[in-house]
Amino acid sequence: MAQDKKVQKKQTQELEKENIYRQTRLEKCHKLRALGFEPYPYKFNASHMSQEIAEKYNYLVNGEKTEDIVSLAGRIMSIRNSGMFIDIKDSTGKIQLFGHKDFLAPGMTDILKLLDIGDIIGVEGKMRRTPRGQLTVNIEKLEVLSKTLLPLPEKYHGLTDQETRYRQRYLDLIMNEESRDKLRLRSQIIHDIRQFLTNKGYLEVETPMLHPIPGGATAKPFVTYHNTLDCELYLRIAPELYLKKLIVGGLSDKIFEINRCFRNEGISTRHNPEFTSVELYAAYKDYNDMMDITEELITFLVKKIHGTMQIKYGDKEIDFSTPWPRKSMCHLVQDCTNVDFLSLDAEAARIKAKELGIEVEKGTLWGNTIEKIFSEKVEPTILNPVHVIDMPLDISPLAKVHRNNPLLSERFETFVLGFELANAFSELNDPEEQRKRFEAQVKAGEDGDEEAQCMDESFLNALDYGMPPTGGLGIGIDRLVMLLTNTLSIRDIIAFPTLRQK
RNA sequence: GGGCGCUUAGCUCAGUCGGUAGAGCAUCUGACUUUUAAUCAGAGGGUCACAGGUUCGAAUCCUGUAGCGCCUACCA
């Protein structure tokens, strides 16, 4: 209670403090209305965006004037010389306005006096280039389109406080062009993936976000509750099982879904609780085909965004040139450790791992031990893309057994500079075998593995009706965007990253 | 989850050995009027994240809490 009162008191004080800044602007807002100018009108017809003007009038020489009348809208980013020079910014760039009583229509000077940095305005006037070389609109007509009540961050240093940038992303976007560019590139990349797959005959589908049984990946789910159905539901950790049901149904031999997944796990510069993935499935294909399409898709994006196969990430340079090496996980581990884990059982592998300085709990699956050694010893050495193929069967419950080795699966993960970019396999379509794998998972869960997968009878029932041999592939889009935009924190390429409530 | 760090005006940041809380931008008043981080003169603006403690005295030292960041662990 006392706590609540304190919080309330603090909020009241903040409101009063805020009022000092809002008050002046509110007064200006009211003055505008009193003068007959609505500070929040309905629309504005602009003839140009700022970039179009920059291109169209690029030819003007210093001091040259035109009789061309243009109209445009944007947010005031700076005001100089007591309102004579105003910079406005729209989504394409900045342009300078010249506000002088010699050009302004009658009454418009009143509006000019009531403008603040941050206000969104619409203007009309003639194009010219100033003697100092700045492309400028001589304002004749001026309209406030949205009066700002709070001041923008400082014009020179901008907004740098990371917490504010994430919590109030709109301020970040107003002030930091780099943030705009990254989120635009994200949008572009998703668009390009969609276009690439659609052009290849893949059908985009949507499957549930609310799952009665979490499946398709090894991860801890978010739990929620449906009132009418009176049951728990899980936010999906992966769309995999539903997509395979669509393959069973023959909706299309090639399908994909781009959507959100949710995992109730740690948050870091590489993990957000909700993230976007693309999963695609192609009937009559296997994991070799999935490697081909992974390379094709990623290089298509790299080329589209960068125009070259060599890109910078942090202080490293990555070469995406194909073909990418395809190396067996066990061989990579053996190269690094001189141990042939293929010839060891789970317990022997665990002891060997310990000798290598990697602590693995007793009873750990053979595959988990190998994967752990791989991620500690091999993964950090990977720079350019590598398909790490033939992963252990016991940690791949949805993948087909390797056609040449019963300990391995036809599954690969593509790694780039410590990023797991893709995860794919020849999908298991033998219903009896799938049931055994689920049973093994259930047992692992009973033995304490929190992330073990659940028995999914409805999926098994679908397999009973026959799924064609199918290749499946999943790519984490956020990390892909990070790589392609040279971004070190996942929060910078998600508009509203998950933060603790304040 | 563990370790380290940060939190001072709306924004960006100073603040020395513990001794009256500072600057620039922004705001307000005025001057100036082809500037572009405009300039000049003046004014207002602070629960120094929060809660305790030590001290004659704390933004500063100590403890705890919160948020954020970085590293680390798990995961994609």
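Hydrogens, waters and symmetry mates are skipped; everything else that's a heavy atom, side chains included, is used. Quick caveat, the model's predicted, so the values are computed rather than measured. First the proteins, then the strands, lettered A, B, ... as listed; each starts at 1.
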Can you tell me if A:Tyr313 uses its side chain to pair, donor with acceptor, with the backbone of A:Thr487 under 3.5 Å? yes
Name the nucleic acid region contacted by A:Arg165, choosing base, sugar-phosphate or nothing; use a 4.0 angstrom heavy-atom cut-off, strictly under. nothing
With a non-hydrogen cut-off below 4.0 angstrom, is A:Lys101 in contact with a base, only sugar-phosphate, or nothing? nothing
Under 4.0 Å from OP1 or OP2 of B:U34: is there any side-chain N or O of A:Arg80 that close? no
Distance-only donor-acceptor test, A:Ser82 side-chain atoms vs B:C32 base atoms, 3.5 Å: yes
Taking any heavy-atom pair under 4.0 Å as a contact, classify A:Lys28: base, sugar-phosphate, or nothing. sugar-phosphate
Taking the inter-plane angle between the rings of A:Phe459 and A:Phe438 on a 0 to 90° scale, is it parallel (under 30°), tilted (30 to 60°) or perpendicular (over 60°)? perpendicular
Contact class for A:Asp102 vs. all strands (heavy atom < 4.0 Å): base, sugar-phosphate, or nothing? nothing
Using atom CG of A:Leu488 as one end and atom P of B:C70 as the other, report the distance to the nearest whole Å. 9 Å
A:Thr160 near the nucleic acid: base, sugar-phosphate alone, or nothing, with a heavy-atom cut-off under 4.0 Å? sugar-phosphate
Ignoring backbone atoms, test whether A:Thr136 places a side-chain nitrogen or oxygen under 4.0 Å from the OP1 or OP2 oxygen of B:U36. no
For A:Leu159 and B:U12, what is the distance between atoms CG and C1' respectively, to the nearest whole Å? 10 Å
Tell me what A:Leu421 touches on the nucleic acid: a base, only sugar-phosphate, or nothing, going by heavy atoms under 4.0 Å. nothing
Please work out if A:Glu420 contacts a base, only the sugar-phosphate, or nothing of the nucleic acid, heavy-atom cut-off 4.0 Å. sugar-phosphate
OP1 or OP2 of B:C68 versus the side-chain N and O atoms of A:Arg167: is any pair under 4.0 Å? yes
Using Watson-Crick or G-U wobble geometry with both distances below 3.5 Å, tell me the partner of B:U55, or none. none
Base orientation of B:C68, syn vs anti, 90° cut from 0: anti
Over all heavy atoms of both residues, which pair between A:Thr66 and A:Met127 is shortest? Give the atoms and the distance, please. OG1-O, 2.7 Å
